[in-house]
Amino acid sequence: MEVSFAKEIEKLKLGAGETFHGEGILAVTKALLQSGVSYIGGYQGAPISHLIDVMVQAAPEMSDLGVHVEPCTNEASAAAMLGASIMYPVRGAVTWKSIVGTNVAADALSNLASPGVLGGALIVIGEDYGEGSSVIQERSHAYAMKSTIWLMDPRPNLSSIVNCVERSFGLSEASYTPVMMELRIRACHVQGSFEASDNIAPAISMREVLADPAPHQYEQLAHPPVTFGHERKKSGERMAAARAFISEHKLNELFDGREGEVGLIVQGGLYNALIRALSELGLADANGRCDLPILALNVVYPLVPDEVLDFAADKRAVLVIEEGQPEYIENEIGTILRRARAEVTLAGKDMLPMAGEYTSEVLAAGVGRFLRQHLPRIGNRLGDEGYAEETAALKQAAAALLQAPVPPRPPGFCTGCPERPFFAALKLTQQEIGPVHYSADIGCHAFATFAPFNFGNSILGYGMSLASNASVTSFQQKRPIAVMGDGGFWHNGLLSGVTSRLLNGGDGVLVIMKNGYTSATGTQEVISSPGKDLKLKAAEKSATHGETTIEDALKGVGVKWLRTVHTYKVAKMRDTLREAFTTKFSGLKVIVAEGECQLERQRRVKPIRAKALAAGERVQRTRFGVDDDTCTGDHSCIRLSGCPTLTVKASGDPLKTDPVAHVTNGCVGCGLCGEVSHAATLCPSFWRADIVSNPNWWDRTRAALRRVLTGGVAA
């Protein structure tokens with residue numbers, strides 16, 4: 001049973017005169033339908049996963065409009081979908097997560113941007129940047145500039161976001177150029193409202209099909225020698241058309257301020273944080289009215305020189321507020337001002353940090369520094385230094401109340417996660433054979449890089465773990481191990497890792513976590529998800545396509561040493577790992593570690609259990625616990641498990657100085673505790689209990705008999 005988006009789907013049906021209330025990424029989804037898109041695709045990832053998830057579950061509504069929705073196998077296939085807009089007047093949109101997705105899609109993006117598009121093409125990028133990010137600290141801005149793709153960065157309120165989505169298609173069509181729109185985490189999840197419009201059924205769609213394909217036009221192919229002309233068009237005709245459209249439709253916003261001697265130029269996505277910072281300095285109110293003029297760039301590439309020059313014309317100094325590095329926007333504005341010989345001082349990274357997230361606290365300090373230097377009559381009476389002191393005092397007060405530093409809380413596996421027992425087995429294996437080179441991958445299993453497992457020598461990309469240790473095998477005595485999930489395997493690992501290793505005859509061990517889903521991005525289905533298919537019903541799938549398995553794919557490309565082991569069988573997994581590391585077989589050895597994602601299992605099981613309980617039917621669930629009297633308090637079980645429900649508590653025995661192990665009520669009964677204790681020959685302190693609700697006569701009889709027998713033993 002998947003997460004339900006029924007409420008979100010209802011919001012997609014709103015029409016003219018109705019008000020949409022919700023979060024940013026869902027507003028984007030609604031705006032796409034209001035723009036008359038013919039197709040939508042993408043690859044999931046924070047913070048834009050819901051866009052595709054909602055569209056997939058809204059299949060009937062999409063069908064009524066004629067919109068084709070396709071969850072793609074990776075970002076490259078998503079970017080390639082936009083090829084439909086090169087030759088046809090159809091609007092299309094795709095989405096993916098930040099720079100990591102753009103990296104994967106780079107080849108398709110270059111070949112898309114070169115000939116340009118006839119129909120509007122939009123790429124929605126979840127720009128996961130800052131200390132709360134889950135990815136490397138880079139931006140997609142460089143790709144936009146490199147390939148001459150326009151880049152939107154809307155102000156984080158729903159009306160601005162929706163307007164930018166709808167205008168992006170017009171901008172794309174006016175300049176024959178694909179458009180990127182970056183949305184930070186806060187923009188994707190910001191709550192708000194906007195006045196909805198009717199959804200538009202596209203003129204060309206699944207319901208309105210074309211009789212004939214577009215005629216061949218060689219100049220629309222990304223192929224030399226015509227590509228040389230494409231480059232001139234990108235920097236000439238298309239750029240000029242884009243700037244004209246941006247100016248005509250006022251996509252960038254000017255906010256006046258009474259202190260006109262200086263001004264602030266800010267990325268649209270940072271506008272809310274800037275207003276918050278200015279309000280702390282006493283330069284803005286809660287409604288956004290500000291004492292300083294602000295040019296909010298909802299389009300950060302290309303910039304419009306006339307807009308920049310008009311804004312800077314009567315000012316002594318201008319501060320460019322651009323998050324991240326390098327300072328692309330600041331450098332371009334500097335070029336515009338220099339070429340126009342404008343007599344204005346340009347400030348930016350000299351006032352603000354070169355790297356890191358621009359929170360309101362960071363912005364307050366930077367703006368204060370700028371004003372003290374360039375508008376001292378205002379800057380010298382600002383309270384930003386006092387604000388910093390106040391913030392420091394609050395932090396000190398919090399620390400005093402806590403009486404100790406806040407302990408670090410790195411992310412970890414969910415309770416009952418089927419991947420945790422594998423890493424317990426790997427720790428036991430390394431106790432026997434010693435440490436081995438471990439290549440980690442993107443996904444839930446990357447949590448094994450944290451305590452208590454502490455595995456990992458590199459992480460180089462989604463599905464790239466096996467490829468990343470290809471050369472390690474040549475200079476190490478022990479075989480290296482690579483771990484990837486089934487999502488990473490289908491995304492990239494099969495080709496870049498498995499087939500490459502087979503082609504070159506390399507040795508090594510690969511473990512594929514077969515939990516059934518792309519779990520780290522929201523448990524979306526993959527082609528090998530159990531009994532499911534994104535397009536076909538289960539009956540149709542078995543009749544026409546058959547079941548697709550990871551094992552069949554591995555055998556199909558020529559893997560000879562292949563084992564499938566359930567992850568909860570810790571002892572068997574340890575023995576299989578030992579065999580993989582010590583066998584005389586030279587070549588790739590693959591272990592498929594099978595175990596359903598616990599989140600999906602609970603979503604599937606809980607409604608069934610609740611329905612049975614409500615009907616008065618017998619329901620049995622398993623719990624594990626620790627006997628306080630038997631536990632010695634050495635905590636080996638915790639070091640081999642890491643389950644959040646396996647913790648410690650004070651012992652009731654005055655002779656025991658260390659706390660004893662304890663299993664909280666969050667236990668889902670996965671059985672790892674017992675398996676680890678058995679495999680590692682730990683103390684026999686764990687107990688298992690089967691809790692029966694609505695017991696039948698046999699359950700009651702057995703319980704009574706046990707009470708009699710155990711009572712006699714105790715006596």
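Since this is a predicted model, take the numbers as computed values, not measurements. For reference, positions follow the sequence shown, starting with 1.
- Side-chain atoms of Leu251 and Phe245, non-hydrogen and from C-beta on, do get closer than 4.5 Å to each other.
- Residues Met351 and Val367 form no side-chain contact, since every pair of their non-hydrogen atoms from C-beta on lies 4.5 Å or further apart.
- Under the 4.5 Å side-chain criterion, counting only non-hydrogen atoms from C-beta, His50 is in contact with Phe5.
- The only member of Lys97, Arg184, Gln137 that meets side-chain hydrogen bond (donor to acceptor under 3.5 Å, both in side chains) when paired with Asp128 is Lys97.
- Here the side chains of Ile125 and Ile123 are in contact, with some heavy-atom distance below 4.5 Å.
- Between the Lys30 side chain and the Leu14 main chain, a donor and an acceptor come within less than 3.5 Å of each other.
- No donor-acceptor pair under 3.5 Å is formed between the side chain of Ser63 and the backbone N or O of Ala59.
- When side chains are defined from C-beta on, His68 counts as touching Met81, because their heavy atoms get closer than 4.5 Å.
- Checked by atom type, the side-chain pair Asp198/Gln34 shows no donor-acceptor distance below 3.5 Å.
- Remark: side-chain polar atoms of Asp153 are paired, donor with acceptor, to backbone N or O of Gly269 under 3.5 angstrom.
- To the nearest 0.5 Å, atoms CD1 (Ile275) and CG (Asn272) are separated by 8.0 Å.
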As a quick check of understanding, evaluate side-chain contact (heavy atoms from CB on, under 4.5 Å) for Thr73 and His491, giving each step before the final call.
CA-CA 6 Å; Thr73 54; His491 180 277; over 6 Å; no
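- Using bins of under 30°, 30° to 60° and over 60° for the plane-to-plane angle, the ring pair Tyr328/His141 lands in the parallel bin.
- With 3.5 Å as the limit, one finds no donor-acceptor pair spanning the side chains of Ser160 and Asn163.
- With rounding to the nearest 0.5 angstrom, the CG atom of Leu264 is 5.0 Å from the CD1 atom of Ile321.
- Atom CG of residue Leu109 and atom OG1 of residue Thr148 lie 12.0 Å apart, to the nearest 0.5 angstrom.
- With 3.5 Å as the limit, one finds a donor-acceptor pair spanning the side chains of Ser519 and Asn515.
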Candidate pair Leu371 and Val262, rule side-chain contact (heavy atoms from CB on, under 4.5 Å), full reasoning:
CA-CA 8 Å; Leu371 292 176; Val262 298; 3.9 Å; yes
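- Judged by distance alone, with hydrogens and angles left aside, the side-chain atoms of Ser247 form no donor-acceptor pair with the main-chain N or O of Ala244 at under 3.5 Å.
- Here the closest non-hydrogen pair linking Ile378 and Leu283 is CG2-CD2, 4.1 Å.
- Ser147 and Ala113 get closest at one heavy-atom pair: O-CB, 3.2 Å.
- Annotation: side chain of Thr19 is in contact with side chain of Glu195 (closest heavy-atom distance under 4.5 Å).
- Interatomic distance, Cys417 SG to Gln598 CD, rounded to the nearest 0.5 Å: 8.0 Å.
- A donor atom on one side chain and an acceptor atom on the other are not found under 3.5 Å apart for Trp150 and Ser172.
- Around NZ of Lys606, the count of heavy atoms belonging to other residues, nucleotides or ligands within 6.0 Å does not exceed 12.
- No donor-acceptor distance shorter than 3.5 angstrom exists from the side chain of Ser140 to the backbone of Tyr143, with no hydrogens or angles considered.
- Put simply, CG on Leu122 and CE on Met180 are 10.5 Å apart, with the number rounded to the nearest 0.5 Å.
- Side-chain contact between Ser279 and Asp285: absent, with no pair of heavy atoms (C-beta onward) separated by less than 4.5 Å.
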Under the side-chain contact (heavy atoms from CB on, under 4.5 Å) rule, what do Gln267 and Glu182 come out as? Steps first, then yes or no, please.
CA-CA 11 Å; Gln267 290 175 271; Glu182 59 181 5; 3.8 Å; yes
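- Within the 3.5 Å criterion, the main-chain N or O of Pro353 finds a donor-acceptor partner in the side chain of Tyr358.
- Shortest non-hydrogen contact noted between Glu75 and Trp96 is CG-CB, 3.4 Å.
- For the atom pair CZ (Arg91) and OG (Ser38), the distance works out to 9.5 Å, reported to the nearest 0.5 Å.
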Stepwise side-chain contact (heavy atoms from CB on, under 4.5 Å) test for Leu118 and Met87
CA-CA 6 Å; Leu118 180 62; Met87 298 286 286; over 6 Å; no
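- Side chains of Leu363 and Thr359 form no contact here, defined as non-hydrogen atoms less than 4.5 Å apart.
- Taking a cutoff of 4.0 Å between a charged side-chain nitrogen and a carboxylate oxygen, Glu280 and Arg276 qualify as a salt bridge.
- Salt bridge absent: Glu323 and Arg139 never bring a charged side-chain N and a carboxylate O closer than 4.0 Å.
- For the residue pair Tyr462/Tyr43, the side-chain donor-acceptor check at 3.5 Å is satisfied.
- Contact detail for Leu292 and Glu259: the closest heavy-atom pair is CD2-CB, 3.8 Å.
- In this structure, Tyr271 has its ring center under 6.0 Å from that of Phe255.
- With Lys13 as reference, Glu61 is the one residue of Glu61, Glu8, Glu18 to meet the salt bridge (charged side-chain N to carboxylate O under 4.0 Å, His left out) rule.
- Checked against a 6.0 Å centroid threshold, the rings of Phe194 and His21 do not count as neighbours.
- Using a distance-only test at 3.5 Å, with no hydrogens or angles considered, a donor-acceptor pair links the side chain of Glu330 to the main chain of Lys349.
- Partners of Pro293 under the side chain to side chain contact (heavy atoms under 4.5 Å, CB included) rule, at least two apart in sequence or in another chain, are Phe311, Lys315.
- Distance alone, capped at 3.5 Å, is enough to place a donor-acceptor pair between the Asn157 side chain and the Ser159 backbone.
- Between Arg243 and Glu307 there is no salt bridge, since no side-chain N of the basic residue sits under 4.0 Å from a carboxylate O of the acidic one.
- Here the side chain of Ser35 pairs no donor or acceptor atom with the backbone of Val37 at under 3.5 angstrom.
- Glu322 places a side-chain N or O within 3.5 Å of a backbone atom of Ile329 that can act as its donor or acceptor partner.
- No more than 12 heavy atoms of other residues, nucleotides or ligands shown are found within 6.0 angstrom of CZ on Arg186.
- With Asn252 as the partner, the side chain to side chain contact (heavy atoms under 4.5 Å, CB included) test is satisfied by one option alone out of Leu303, Val308, Asn298: Asn298.
- Nearest heavy-atom pair, Ser175 versus Arg238, reported as atom, atom and distance to 0.1 Å: O-CG, 3.1 Å.
- When all heavy atoms of Leu82 and Tyr39 are compared, the closest pair comes out as CA-OH, 3.3 Å.
- In the displayed structure, Phe20 atom CZ is contacted under 6.0 Å by more than 12 heavy atoms of other residues, nucleotides or ligands.
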